[in-house]
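As structure tokens, the structure follows; a few thoughts come after it.
Only heavy atoms go into these numbers, but all of them, side chains included; no hydrogens, no water, no symmetry mates.
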Amino acid sequence: MSSVQRAMRLLESVAEHEHGAPAKQLARETGLALPTAYHLLRTLVYEGYLRREKGLFFLGEAAVRLGGSGAQQKRRSMVADTLACWRDAIGVPVYYAMYREGEIEVMCVSDSPGNPAVEEWADFRETGHAHAIGQCLLAQLDEDARRDHLDRYPVQSITPYTVRDSHSLLRRLERMPRMAPVTERQEYALGTVCAAIPITVGNTAATMAISLPAHQADRLPAATRQLQSAVGRLLGSLAISISI
């Protein structure tokens with residue numbers, strides 16, 4: 001058995017003991033000779049994967065970081081799978097975005113050859129005033145945060161349908177019913193209509209969104225209701241994964 005395999009068995013054994021375990025017990029549980037176990041345990045402590053307190057071994061910061069990365073990847077995978085399920089059920093591209101540290105971030109997109117996502121021809125972060133994702137996120141912020149965002153990313157017309165100035169945009173955002181879907185028609189991209197569903201968990205603003213070709217705009221209300229219903233059913237598990 002290689003040293004890596006032995007070390008992994010020791011890590012797994014330590015992880016099973018919330019209150020720590022001594023070297024003799026870990027050696028017995030892993031079937032290792034005590035000198036070998038001692039040598040590997042010392043190495044794992046030195047590398048930060050274990051820590052030793054009063055003769056007992058516990059998981060160290062390096063191991064905790066590895067576990068955290070795995071959990072984060074699992075959450076990301078869950079969100080991606082959820083979006084793919086909705087994409088297939090509704091027949092539209094589905095987007096997940098957050099407002100984080102003053103920026104609009106599209107975290108995940110699920111589309112297909114038959115239902116392609118909107119091409120990001122103008123930076124999504126800089127054009128939040130124009131697309132449904134950005135408007136939905138900005139609507140969830142307080143007034144100061146909105147104005148700060150628009151000071152950094154001024155309103156500019158990128159299609160003939162885009163809102164013309166920040167004053168008009170702020171009035172629109174203020175009139176939006178809380179937690180109601182946000183729709184926009186060709187404001188970001190000609191030939192495309194979009195809708196976004198707000199998701200607020202604590203102080204985190206997030207959204208799930210869909211898009212359709214403009215010639216299928218009559219499908220948008222029903223597709224939006226489908227998405228809203230699906231988000232409502234899974235909101236608890238989505239809240240856990242909100243920081244994807």
Let me confirm one number: the [atom1]-[atom2] distance from [X] to [Y], rounded to the nearest 0.5 Å.
X: Arg219; Y: Leu212; atom1: CZ; atom2: CG; result: 5.0 Å
X: Ser166; Y: Gln156; atom1: OG; atom2: CD; result: 12.5 Å
X: Arg87; Y: Thr82; atom1: CZ; atom2: OG1; result: 12.0 Å
X: Ile210; Y: Asp111; atom1: CD1; atom2: CG; result: 14.0 Å
X: Thr207; Y: Met107; atom1: OG1; atom2: CE; result: 13.0 Å
X: Leu44; Y: Met8; atom1: CG; atom2: CE; result: 9.5 Å

Residue that, paired with Leu10, satisfies side-chain contact (heavy atoms from CB on, under 4.5 Å) out of Leu40, Thr36, Leu50 | Leu40
Assess whether atom CZ of Arg125 is packed by more than 12 heavy atoms of other residues, nucleotides or ligands within 6.0 Å.
-> no
Does atom CD of Glu53 have more than 12 heavy-atom neighbours, drawn from other residues, nucleotides or ligands, at distances under 6.0 Å?
-> yes
Under 3.5 Å, side chain of Thr127 to main-chain N/O of Asp123, donor-acceptor pair present?
-> yes
Give a yes or no answer on whether the side chain of Glu61 reaches the backbone of Gly48 with a donor-acceptor pair at less than 3.5 Å.
-> no
For the hydrophobic clusters of this structure (ILVMFWY residues joined by side-chain heavy atoms under 4.5 Å, transitively), does one cluster hold both Val45 and Val14?
-> yes
Applied to residues 173-197, the salt bridge (charged side-chain N to carboxylate O under 4.0 Å, His left out) test, sequence neighbours excluded, yields Arg172-Glu187
Only counting residues at least two apart or in another chain, list the ones meeting side chain to side chain donor-acceptor pair (under 3.5 Å) with Thr43.
-> none
Least distance between heavy atoms, [X] atom then [Y] atom:
X: Thr192; Y: Ser211; answer: CG2-CB, 4.1 Å
X: Ala195; Y: Thr224; answer: CB-OG1, 3.2 Å
X: Ala196; Y: Cys136; answer: CB-CB, 3.6 Å
X: Thr159; Y: Gln186; answer: OG1-O, 2.7 Å
X: Phe57; Y: Pro22; answer: CD1-C, 4.4 Å
X: Gln226; Y: Ala89; answer: NE2-O, 4.0 Å

Could you work out the complete set of other residues in the hydrophobic cluster of [X], with links drawn between I, L, V, M, F, W and Y side chains under 4.5 Å apart?
X: Val118; result: Tyr95, Tyr99, Ile104, Val106, Val109, Trp121, Phe124, Ile133, Leu137, Leu138, Leu141, Leu150, Val155, Ile158, Val163, Leu169, Leu170, Leu173, Met176, Val182, Tyr188
X: Tyr161; result: Leu190
X: Met179; result: none

Could you check if a side-chain atom of Thr30 sits within less than 4.5 angstrom of a side-chain atom of Arg6, using non-hydrogen atoms only?
-> no
Verdict with reasoning, Arg147 to Asp151, per salt bridge (Lys or Arg N to Asp or Glu O under 4.0 Å) = CA-CA 6 Å; Arg147 292 187 181 276; Asp151 285 343; over 6 Å; no
Scan residues 12-41 for pairs that pass ring-ring contact (aromatic ring centres under 6.0 Å, His included), counting only residues two or more places apart or in two chains.
-> none
